[in-house]
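Working notes, beginning with the structure itself.
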Amino acid sequence: MKKIVFCITVICCLTSFSLGDKSKEFKKLHALEGTWKMNGKRGAVYEEWKKVNDNLLRGRSYFLRGTDTLVTEHVSLTNSKAGIFYTPAVEDQNNKQPIPFKMTKAEGNAYYFENPEHDFPKRIVYNLVTADSVHVYIDNGTEVGKRQNFHFKRQ
């Protein structure tokens with residue numbers, strides 16, 4: 001009986017430790033909160049993030065055309081028991097259905113979200129370079145040549 005209690009205690013401690021680490025990593029992603037801008041060939045692209053609660057950030061990507069705001073993507077960044085997920089719904093792709101990308105790795109200030117079943121991208125990476133700079137790239141997870149880079153500055 002003591003062995004069973006000991007095993008259950010160890011499992012609970014390990015589970016709490018891993019959930020705690022996940023929450024700690026997710027809290028670092030709160031640094032995305034705010035508005036970010038990238039100047040591109042066809043004008044400025046914006047990414048805007050709002051903290052809903054400790055386990056949910058909501059974002060959107062858009063560009064301005066005159067006085068019109070044209071939203072291209074809605075994103076949820078969630079921390080759940082199943083993991084941390086980056087879930088975009090792109091206006092002109094996948095019938096506007098959300099596609100989940102699970103965080104597979106966090107190294108320093110870089111966060112890797114992957115969905116090997118998706119056609120493209122299979123991986124989305126957010127690298128929080130500084131408090132005012134974020135480098136985002138998307139790729140198919142293997143071929144760097146197909147990588148698309150996005151460099152945002154805080155507004």
Side-chain angles (χ1 to χ4, degrees), residues 16-155:
S16 296
F17 178 73
S18 71
L19 290 176
D21 281 344
K22 193 170 49 154
S23 292
K24 184 178 175 183
E25 288 302 328
F26 190 79
K27 189 171 184 175
K28 291 178 187 176
L29 289 167
H30 290 182
L32 289 172
E33 192 172 15
T35 302
W36 300 82
K37 180 181 178 183
M38 176 186 74
N39 291 315
K41 293 176 186 173
R42 297 187 299 181
V45 176
Y46 295 86
E47 196 166 280
E48 182 179 78
W49 289 94
K50 293 182 181 180
K51 178 182 166 187
V52 176
N53 59 46
D54 288 343
N55 293 306
L56 174 62
L57 292 172
R58 290 237 167 109
R60 68 181 183 150
S61 296
Y62 62 92
F63 61 96
L64 301 176
R65 183 161 289 150
T67 58
D68 293 330
T69 301
L70 302 168
V71 177
T72 57
E73 176 180 54
H74 291 275
V75 183
S76 293
L77 192 52
T78 55
N79 180 24
S80 69
K81 289 180 182 178
I84 296 173
F85 289 88
Y86 178 97
T87 308
V90 181
E91 289 297 314
D92 61 353
Q93 296 176 14
N94 305 306
N95 295 320
K96 299 182 185 181
Q97 293 301 304
I99 305 295
F101 290 78
K102 186 173 185 176
M103 189 171 81
T104 56
K105 180 170 54 170
E107 285 184 337
N109 291 324
Y111 300 88
Y112 296 76
F113 301 91
E114 299 185 53
N115 182 336
E117 304 302 316
H118 193 252
D119 54 357
F120 185 85
K122 293 186 183 307
R123 179 169 65 177
I124 301 168
V125 179
Y126 271 73
N127 185 9
L128 305 171
V129 180
T130 68
D132 296 322
S133 175
V134 64
H135 172 216
V136 180
Y137 66 84
I138 61 175
D139 62 22
N140 67 4
T142 56
E143 295 178 43
V144 176
K146 293 190 177 192
R147 180 176 290 176
Q148 294 177 17
N149 292 286
F150 307 93
H151 298 275
F152 290 94
K153 296 286 183 193
R154 186 179 296 280
Q155 292 297 287

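Heavy atoms only: backbone and side chains are in, while hydrogens, waters and symmetry mates are out.
Within the model, atoms CG of Asn94 and CG of Asp119 stand 6.5 Å from one another, a figure rounded to the nearest 0.5 Å. With values rounded to the nearest 0.5 angstrom, Thr78 atom OG1 is found 7.0 Å from Phe85 atom CZ. Atom NZ of Lys153 is separated from atom CG of Asn39 by 11.0 Å, given to the nearest 0.5 angstrom. The structure places NZ of Lys50 at 14.5 Å from CG of Leu32, a figure rounded to the nearest 0.5 Å. With rounding to the nearest 0.5 Å, the separation of CG in Asn109 from NE2 in His135 is 14.0 Å.
A salt bridge does not link Asp139 with Lys146: every distance from a Lys NZ or Arg NE/NH1/NH2 to an Asp or Glu carboxylate oxygen is 4.0 Å or more.
Across all non-hydrogen atoms, the minimal contact from Glu25 to Ala106 is OE1-CB, 3.5 Å. Of all non-hydrogen atoms in Leu128 and Tyr111, the two that sit nearest each other are CD1-CE1, 3.9 Å. Between Tyr86 and Ile124, the closest heavy-atom pair is CE2-CD1, 3.5 Å. Pro100 and Thr87 get closest at one heavy-atom pair: CA-OG1, 3.7 Å. Taking each heavy atom of Ile138 and Phe120 in turn, the nearest pair found is CD1-CE2, 3.9 Å. Scanning both residues, Leu77 and Trp49, for their nearest heavy atoms gives CB-CZ3, 3.9 Å.
Each of Arg154, Glu47, Glu48 was evaluated against Thr35; a single residue qualifies, Glu48, per the side-chain contact (heavy atoms from CB on, under 4.5 Å) test.
Counted within 6.0 Å of CG on Asn95, heavy atoms from surrounding residues, nucleotides or ligands total 12 or fewer; the atom is thus considered open.
For Phe101 and Phe113, the ring centers sit 6.0 Å or farther from each other.
A donor-acceptor distance shorter than 3.5 angstrom exists from the side chain of Lys22 to the backbone of Ser80, with no hydrogens or angles considered. Checking side-chain atoms of Lys122 against main-chain N and O of His118 turns up a donor-acceptor pair under 3.5 Å.
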Hey, can you pull the donor-acceptor pairs under 3.5 Å for the side chains in residues 62-74, sequence neighbours left out?
from: Thr72; atom 1: OG1; to: Ser61; atom 2: O; distance (Å): 3.2
from: Glu73; atom 1: OE1; to: Ser61; atom 2: OG; distance (Å): 3.2

Under 3.5 Å, sequence neighbours excluded: what are the donor-acceptor pairs made by side chains of residues 51-58?
from: Lys51; atom 1: NZ; to: Asp54; atom 2: OD1; distance (Å): 3.2
from: Asn53; atom 1: OD1; to: Asn55; atom 2: N; distance (Å): 2.8
from: Asn53; atom 1: OD1; to: Leu56; atom 2: N; distance (Å): 3.0
from: Asn55; atom 1: OD1; to: Asn79; atom 2: ND2; distance (Å): 3.0

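For the pair Lys37 and Tyr46, the NZ or CZ position fails the cation-pi test of under 6.0 Å to the six-membered ring centre and within 45 degrees of the ring normal.
Every salt bridge (charged side-chain N to carboxylate O under 4.0 Å, His left out) that Lys96 has, sequence neighbours left out, goes to Glu91.
For Tyr137 and Tyr126, the side-chain atoms include no donor-acceptor pair closer than 3.5 Å.
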### Message
Using side chain to side chain contact (heavy atoms under 4.5 Å, CB included), reason through Asn127 and Val136 one step at a time and then give a plain yes or no.
### Response
CA-CA 6 Å; Asn127 185 9; Val136 180; over 6 Å; no
